[in-house]
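Here is the structure we will look at, set down as structure tokens.
All values below come from the heavy atoms of this structure, side chains included, with hydrogens, waters and symmetry mates left out. Residue numbering restarts at 1 for every chain, and letters A, B, ... go by the order of the sequence lines.
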Amino acid sequence: MFESLAHGFAVALSPSNLLFAVVGVVLGTVVGVLPGIGPPTTVALLLPLTSGVDVTAAVIMLAGIFYGAMYGGSTTSILVNLPGEAASVVTTYDGYQMAQQGRAGGALAIAAIGSFVAGTLGVIGLTFLSPALSELALRFGPPEYFGLTLLGLTLVASLATGSMLRGLLMAALGLWLGMIGLDPVQGTQRFTFGILELSDGIDLVPITMGLFGVGEILYNLRQAQEMPTVRRAVIDWSRSLREVIQSRWAILRGSLVGFFVGILPGGGAIISSLLAYAMEKRLARDPSRFGHGAPEGVAAPESANNAAATTSMIPMMLLGVPGNATTALILAAFLIHGVRPGPFLLRDHPDVFWGVVASMYIGNVLLIVLNLPLVGVFIQLLRVPYRYLAVLIALLTMIGAYSINNSIFDVWLMLLFGGLGYVCRVLRFDVGPLIIAFVLGPMVELSLRQSLIMSRGDIGILFARPAATAFVLAAVGLLAGQMVSSSLRYFGGLRRAQVG
Amino acid sequence: MGTTWSQEAFPTKPVELVIPFAAGGSHDLHARVIAGFAQQYLGQPLVVLLKPGGGGAIASQFVVKGRGDGYTLLFGSNGPNTILPQVQDVGYKMREFTPVCMINYSPPLLFVGANAPWKTLPEFIEFSKANPGKVNFAHTGIWGAAHFPMLIVENKTGAKVNFVPFDGGGPALLAVASGNADASFGFAAQLLPFVQAGRVRVLGVAAPERIETVRDVPTFRELGVDVTFTLWRTILAPSTTPLPRVRTLRQACAKIVQDPSFRALIRQLGEPLIYMDGPGFLTFWRNEWDDIARALAAIRR
């Protein structure tokens, strides 16, 4: 094992491979920071260019873009309340609050350090547990997916910062939006109104960019006078350090959650950031701090999505089955070079596998060295007058929406969601639960229907396997607990009202 | 170009090849290989443009509604161009396209889990006839390459399976390999490592003849089940394109496929080159269209 890894380092540290790693992580940071332009778009653009270099160098660079983007993704979430990619939606809750309170530096530092710790732990896991983990991914069938995604959906409730009812209403809207497109079982159109562009469902990017980015801009335009933009663009280093230390357990727990959830195909990074956030909120002595600038609320999801990005390389490399759009493109890079990822990659191409794994250790070190000093640069962004920043953000989100399918339809869709986002801001509806429900809803539906088809309608299949049972029971227990505690609060309030 | 009487200069600017599917898929990768040789044989670059959505209908519509000047071509397939127009109102028909050339096709292979009791295709079919709906059959979407051929098998043999939808070929393969489903259709390139690792077993291929990558796998026809399904990759021009321009494109394609390094690169992607020229493909396509029309009529009955 150590011998293979040492050999991997020899491969990854060759000057040209090192250069590709640097290029990859720098590009990754940039596309992570830019809202709307995500790693899939970038990797798709660069893929044809990699046919001239050898396979290890190509994958080192493309993987660098992928996990590097997870570092940058939090930056705009924190600074301007616009998630750089979907896995950073949860980070907006406490990250943006911290920035509003003049603690943007601390939030960015926590995100960078959390990402580094999680990324490195993820690669260590990749080194020692890859074959075992790929076996785990293989075992995870529809009933297990249903349990996990149901648990995720019940946790949406704990995201809600204000009124629970409003949060649930938004989640319901998200579930409905997630149903648009083809019915996965019957193949019939649902809510598409004959619009061909809707038949594959709505993409996450126009929804996220619209609700957060455009919605925020429209909301800020309401104020007649110039926004107070300079929200203390200095860093209080000692306070930031204290906040980092305060979040150490959140970082470790987040890494662990991301590590396991990342192995599962489909939305691993998003689910893991939500799970990690909800877990921190539940474990916290004072959960009411969350949503008002709790450092753990940045640390947990950012660590989770980084660890998840790292481990999502495992099913792609060792099963040949990518779990998301970016790893699908990295798989394509392997294929172009005549290397087929799958159960025999480790045996047939140990150089490639260990070279890539070793480069991820190096890449994470490069990223922390790059990103910590950048904190000072990024917070200067807050000095840019909002009238310029708003135009830039609007432009980037439109490019981002267009680039997913090369379709202007998605741009209109994004602007439409921008309008909805504005209305939500004005009426104080939180758009976070909508997005999470939009992502999880279709997964819950598909996995439940798959399970029931597999068992020919017998609901017992959900309780026939230990992991599935555990997830479902946890979800039900959580929901019951929430109902009991909120009804206790309600009746307690009634009694007090009668007494008083 | 060449010996044609046409003296019109074509192409004088880059030609766009529109891909109806997502980035990184097999159509995208094949197109990028073709693009790498276009400058040399066509005299102009070939630009790959991804327009996924609607099962390929969005890209097909885009090309049909385009100018028809030979500068916008579709990298078509049987999903969007043979099946969809017959099951859904997509606004384009077969006759609105003129084939330039077919690069190759991928036929789906029927595979079962390593622990499944069936060793041969007839055994599998006998079982699903005797136990209707007992076999959990993973597929990747209604009318897709893992669903449609099985519908035809059911229709021709009287077998009956329990279709379970999965979100793509990868998850369907994992489901069969782990025993969450019993059987599915998949493509050779992705299946081979799992076959070698002893996790799945291939029973037959739904191709007109055996394919080079898996010589030992018999075709359905050999085993007495008359079902073929070929996920083809063909460059299509709108039929409004002037004939001399179509001819120029066809000649360029005929030269590209002679290039040994082109053949080697295509092979790396999983399937060998199976070239058909424009008129040859048109005959093939018409037969396929009629076959599928008949199959659909039978299924709907």
Option in Gly141(B), Ala175(B), Pro171(B), Gly133(B) with maximal non-hydrogen atom pairs under 4.5 Å from chain A: Gly133(B)
For chain A, which of Ala35(B), Gly24(B), Gly168(B), Pro52(B) has the most heavy-atom pairs under 4.5 Å?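 Ranked by heavy-atom pairs under 4.5 Å with chain A, first place is Pro52(B).
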Restricting to non-hydrogen atoms, name the atom on [X] and the atom on [Y] that form the minimum distance, rounded to 0.1 Å.
X: Pro165(B); Y: Ile453(A); result: CD-CD1, 3.7 Å
X: Phe344(A); Y: Pro193(B); result: CE1-O, 3.3 Å
X: Ser199(A); Y: Gly54(B); result: OG-CA, 3.2 Å
X: Gln88(B); Y: Gln189(A); result: NE2-NE2, 3.4 Å
X: Leu269(B); Y: Leu335(A); result: CD2-O, 4.3 Å

Donor-acceptor pair, distance only, cut-off 3.5 Å: does the side chain of [X] make one with the backbone of [Y]?
X: Arg199(B); Y: Pro343(A); result: no
X: Asn405(A); Y: Lys51(B); result: no
X: Ser178(B); Y: Arg139(A); result: no

Taking the side chain as C-beta and beyond, is there a heavy-atom pair between [X] and [Y] under 4.5 Å?
X: Gln190(B); Y: Val321(A); value: yes
X: Asn180(B); Y: Met454(A); value: yes
X: Gln268(B); Y: Val339(A); value: no
X: Phe166(B); Y: Leu446(A); value: no

What do the steps show when you test Ile142(B) against Gln186(A) for side chain to side chain contact (heavy atoms under 4.5 Å, CB included), and what is the final call? CA-CA 7 Å; Ile142(B) 298 290; Gln186(A) 307 291 334; 5.9 Å; no
Side chain to side chain contact (heavy atoms under 4.5 Å, CB included) between Leu50(B) and Asn406(A): does it pass, once the steps are laid out? CA-CA 7 Å; Leu50(B) 295 161; Asn406(A) 290 317; 4.2 Å; yes
Region of Ala189(B) that comes under 4.5 Å of a non-hydrogen atom in chain A: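 Answer is both: backbone and side chain atoms of Ala189(B) are under 4.5 Å from chain A.
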With a 4.5 angstrom heavy-atom cut-off, which part of Arg347(A) approaches chain B: side chain, backbone, both or neither? neither
Hey, mind stepping through Leu29(B) and Leu47(A) against side chain to side chain contact (heavy atoms under 4.5 Å, CB included) and telling me if it holds? CA-CA 10 Å; Leu29(B) 297 181; Leu47(A) 186 61; 4.3 Å; yes
Evaluation steps, side chain to side chain contact (heavy atoms under 4.5 Å, CB included), between Val185(A) and Phe163(B): CA-CA 9 Å; Val185(A) 177; Phe163(B) 282 110; over 6 Å; no
